[in-house]
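Position 1 is the first residue of the sequence; numbering continues from there.
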Amino acid sequence: MSDHARTAYAAVSDSLPRAAALPRAAFADADVFAAEQALIFRAGWMPVARESDLAEPGAYRSVDVGGAPLVVTRDAAGEIHVLSRVCRHRRHAGGGGLRRR
């Protein structure tokens, strides 16, 4: 995070009476964006689909989480899997949307 963003965030308080709006850097600083990607989207488990979106075997949903293209599938046995959506051969993010059989 840049020094400018760090200084701006120093004015933000957990105390409701002293609370302030987020600084402009929270929305426009590339370092803040990179930190949020790492701390929020890559720090742990993230919901990527509703189970009802994948109600039938063969259903899939394409999603992007923290810049990572993924596909969520339900196999013939009813198990749900999450896979990278990048073709290793051409390094292209393939497929998109939601499909139900």
Does any part of the side chain of L54, heavy atoms only, come nearer than 4.5 Å to the side chain of T73, both counted from C-beta?
no

Qualifying salt bridge (Lys or Arg N to Asp or Glu O under 4.0 Å) pairs, either residue in residues 69-84, two or more places apart:
E51-R74

For V82, give me all partners under side chain to side chain contact (heavy atoms under 4.5 Å, CB included), at least two apart in sequence or on another chain.
V48, L70, V72

Testing the basics here: between Q37 and G67, what is the closest heavy-atom pair and its distance to 0.1 Å?
OE1-N, 4.0 Å

For side chain to side chain contact (heavy atoms under 4.5 Å, CB included), just list the numbers for H81 and V71, CA-CA rounded to whole Å, side-chain angles, deciding distance to a tenth of an Å, and then say yes or no.
CA-CA 8 Å; H81 305 273; V71 62; over 6 Å; no

Joint cluster assignment, I80 & M46, ILVMFWY side-chain distance < 4.5 Å
yes

Identify the heavy atoms of R61 and A49 that sit nearest to each other, and give their distance.
CD-CB, 3.7 Å

Which pair of non-hydrogen atoms, one from D31 and one from D29, has the smallest distance, and what is that distance?
N-OD1, 2.7 Å

To check you understand the geometry: which heavy-atom pair defines the closest contact between P57 and A76, and what is its length?
CB-CA, 3.9 Å

